[in-house]
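Working notes for the structure below.
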Amino acid sequence: MLKQRKGVLFWVVLIGASVLFLYPFLWVISASLKPRSQVFDNKLVPDQVRPENYVDVWQAAPVLDWFVNSVVVALAAAAAVTLVSSIVAFGFAYFRFPGRNALFGLVLGTMMLPAAVTMIPVYLIWNSVGLANTQVPLWAVNLFGSAFYIFLLRQFFLGLPRELFEAARIDGASHWTLFWRIAVPLCRPALIVSFIFELKASWSDLLKPLIYLRDPELFTLPRGLKAISDQFGQSGEQQWEVVLAGSVITTVPMIIVFFLAQRYFMQGIATQGRKG
């Protein structure tokens, strides 16, 4: 009986938490389908459905171009940081050299440095090479890796049996072969998780596009959504129904990506649990 009560309590808490997390997104979807006068009436089921709000978004701005820009930038940023961070992480996990732990600690220490500290110097660097008003700064900075992903991937690489690499070295495998043919396939869930995390971070990033992009044709979706918000607020009456429709268009692709990649998150958690 006690076990059944605990099971019921677990499901009640689980359902309650799910509703708590889902409600804001359901509200945005509902508000994006309402007339302007009913956007903030706090009803999940609109009295009047107005799908024309989504048509207004597509007519007001080149949303498709912004969508393509976001896809290109997000994929480039995620691929760059995953590849480079995995190479660095494998180096820290496999090689034994003096000062390795101190150097790794220094890399982790960079996570404590606020982004605002490096914002201006980084912009001046990109501006000096003539790339300030391009999409390159939005993803090329990831070619230097990320301390967080280096730490995450290093923990996975450390869990691999070292005997595999020693046997491959005896067979004449190079260090690159060890990384690409052994480490990468065995740590695929961790690499996919890193890729998805960065894909989401780049997709939803507004700060860097605000800093670097001036040409509307180069805008990503978050930067374009900011432009739409400014455009429909100039008349003194904010057209929130159009802005919220744009927010839904921006959010849905990442929900789909996380839904498709959820099994890799579970594999990563299970792998770490078995190592523990």
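By convention here, the first residue in the shown sequence is residue 1.
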Can you tell me if CZ on Phe144 sees more than 12 non-hydrogen neighbours from other groups inside 6.0 Å? no

Looking at Phe97, I want to see if its CZ is surrounded by more than 12 non-hydrogen atoms of other residues, nucleotides or ligands under 6.0 Å. yes

Atom CD1 of Ile120: over 12 foreign heavy atoms under 6.0 Å: no

Checking one residue: Val13. Which other hydrophobic residues are in its cluster under the side-chain 4.5 Å linking rule? Leu9

Check against side chain to side chain contact (heavy atoms under 4.5 Å, CB included), Val63 and Phe219: CA-CA 9 Å; Val63 177; Phe219 284 179; over 6 Å; no

Are the charged groups of Arg36 and Glu241 less than 4.0 angstrom apart, N to O? yes

State whether the number of non-hydrogen atoms from other residues, nucleotides or ligands found under 6.0 Å of Phe95 atom CZ is greater than 12. yes

Kindly state each residue pair satisfying side-chain hydrogen bond (donor to acceptor under 3.5 Å, both in side chains) with at least one member in residues 170-183, sequence neighbours excluded. Ser174-Thr177

Would you say Ile255 and Phe195 are hydrophobically clustered, going by side-chain heavy atoms of ILVMFWY under 4.5 Å? yes

Does anything in residues 183-202 form a side-chain hydrogen bond (donor to acceptor under 3.5 Å, both in side chains)? List the pairs, not counting sequence neighbours. Asn142-Glu198, Tyr149-Glu198

Test of understanding: clusters of I, L, V, M, F, W, Y form through side-chain heavy atoms closer than 4.5 Å, transitively. Do Val39 and Val49 belong to the same one? yes

With sequence neighbours excluded, residues passing salt bridge (Lys or Arg N to Asp or Glu O under 4.0 Å) with Asp47: Lys43

In one Ile/Leu/Val/Met/Phe/Trp/Tyr side-chain cluster, 4.5 Å: Val28, Tyr23: yes

Connected to Val45, directly or through other members, by ILVMFWY side-chain contacts below 4.5 Å are none

The complete set of side-chain hydrogen bond (donor to acceptor under 3.5 Å, both in side chains) pairs with one or both residues in residues 65-94, sequence neighbours excluded, reads Asn69-Gln135

Would you indicate whether Phe151, at its atom CZ, is surrounded by more than 12 heavy atoms from other residues, nucleotides or ligands within a distance under 6.0 Å? no

